[in-house]
Protein chains: 2
Amino acid sequence: MMKPHSNPATRAVEDQVRQFESVRTAHQSEIVEDYVELIADLIHQYGSARPKDIAERLGVAQPTVTKNLARLKREKLILHEPYRSIQLTDEGRQLAASCRKRHRTVVEFLIALGVSSEVAEHDAEGIEHHVSEETLQVFEAYASRRET
Amino acid sequence: MMKPHSNPATRAVEDQVRQFESVRTAHQSEIVEDYVELIADLIHQYGSARPKDIAERLGVAQPTVTKNLARLKREKLILHEPYRSIQLTDEGRQLAASCRKRHRTVVEFLIALGVSSEVAEHDAEGIEHHVSEETLQVFEAYASRRET
DNA sequence: ACAATAAGTTAGCCATGGCTAATTAAGTTA
DNA sequence: TAACTTAATTAGCCATGGCTAACTTATTGT
Ligand SMILES: [Mn+2]
Ligand SMILES: [Mn+2]
Ligand SMILES: [Mn+2]
Ligand SMILES: [Mn+2]
């Protein structure tokens, strides 16, 4: 129907592809990251993490949690025998720690910037998974400069 | 195995649920938002938007695009007859405009903050879908203050 | 100890968003 | 016009992450 679309900006196309690919990749890790972070929190708070608690915090049904835990187990981030409580592997603990740190960095950055703490907590839950190392460092620098 | 998990922070639990629910909701709109924005760009650049071009920009196979376009059509954001080029409805055009604006706000904010423009573009592609109105306004204020 | 309750799992459904292979339609060129 | 090439669609596969209903296991209280 129209002209054959010459390529005036072929360069930029490949960059854009990489961006979208990154977003898709990030989406694949999101659940994993939120789960390990939450499991670590629950263990810290209650001494153990149960599917029930996870379901309650996430606002999903228990079978959904069971299914997702199977993935975490497959990826060797947790140890979990049926009907027993959930343990983090070393790798899981490590991932949890870095997710937690990143999460807090994003929250504190937003607050330092002037966002209300409720909204900061809210937005951080999604933003955290899409922040690259470089950006994270800029966030950190800004927040610590502001709070000192 | 452990104690019955009393509720020392029941209040916070519901907030957390709302946060995770928001993230899940945002994920459902992401593809729609990125597609309409991209379609608008293509129409602006080339005069028309074809599945081929969309596939190329996103880095996915053409049948994936065909399938997702069916959803956009179902949601009345585009008009699309088989083998013809894609049109945005009024609603689609409106959504595209606001996505584009939000996208640019996020990019410009990150750049103003000190993130390199490549990384800013990269991170914005994901972050944009998780920024609330309040945060967006803070971003905008910061960027315009910085650039003036 | 055992009945009742709560927690966890399994089975089976749905929508989404990827993919490849095969087919059909449109557009270009000899 | 007919052949060839390119674009688009369809069919059918997979993984993920939701759900409900039904069943099993553990825990608790009498
Ligand atoms: Mn988090
Ligand atoms: Mn999160
Ligand atoms: Mn965008
Ligand atoms: Mn995007």
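Every chain is numbered from 1, with letters handed out A, B, ... down the list of sequences. Since this is a predicted model, take the numbers as computed values, not measurements.
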**Study point:** E81(B) CD to dA7(D) C1', straight-line distance once rounded to whole Å
**Key:** 17 Å

Check your understanding: Do you see a donor-acceptor pair shorter than 3.5 Å between the side chains of Y35(A) and N68(A)?
Key -> yes

Exercise for review: Please report, rounded to the nearest Å, how far the C1' atom of dT9(C) is from the CD1 atom of I54(A).
Suggested key: 14 Å

**Study point:** Side-chain donor or acceptor of T105(A) paired with backbone N/O of E140(A) under 3.5 Å
**Key:** no

Name each donor-acceptor pair under 3.5 Å that joins a side chain in residues 109-118 of chain B to protein atoms two or more places apart or in another chain, with its distance.
from: S116(B); atom 1: OG; to: E134(A); atom 2: OE1; distance (Å): 3.4
from: S116(B); atom 1: OG; to: E134(A); atom 2: OE2; distance (Å): 3.2
from: S116(B); atom 1: OG; to: V119(B); atom 2: N; distance (Å): 3.4

**Study point:** Worked verdict on H122(A) versus S132(B) for side chain to side chain donor-acceptor pair (under 3.5 Å)
**Key:** CA-CA 9 Å; H122(A) 178 280; S132(B) 63; 5.4 Å; no

**Study point:** Check: I43(B) main-chain N/O paired with S48(B) side-chain donor or acceptor under 3.5 Å
**Key:** no

Exercise for review: Between protein and nucleotides 14-23 of chain C, map the contacts as a letter string: B base, S sugar-phosphate only, - none, heavy atoms under 4.0 Å, written 5' to 3'.
Suggested key: --SBBBBB--

**Study point:** Spacing between R50(B) atom CZ and dA25(C) atom C1', to the nearest angstrom
**Key:** 14 Å

Practice item. Can you tell me the distance, in whole Å, between the CD atom of E56(A) and the P atom of dG8(C)? Key: 10 Å

Practice item. Apply the test side chain to side chain contact (heavy atoms under 4.5 Å, CB included) to residues E125(B) and E121(B): give CA-CA distance (whole Å), side-chain angles for both, the deciding distance (0.1 Å), then the verdict. Key: CA-CA 7 Å; E125(B) 196 55 74; E121(B) 287 285 356; over 6 Å; no

Exercise for review: Go ahead and name the base partner of dA30(C); Watson-Crick or wobble counts if both distances stay under 3.5 Å, otherwise write none.
Suggested key: dT1(D)

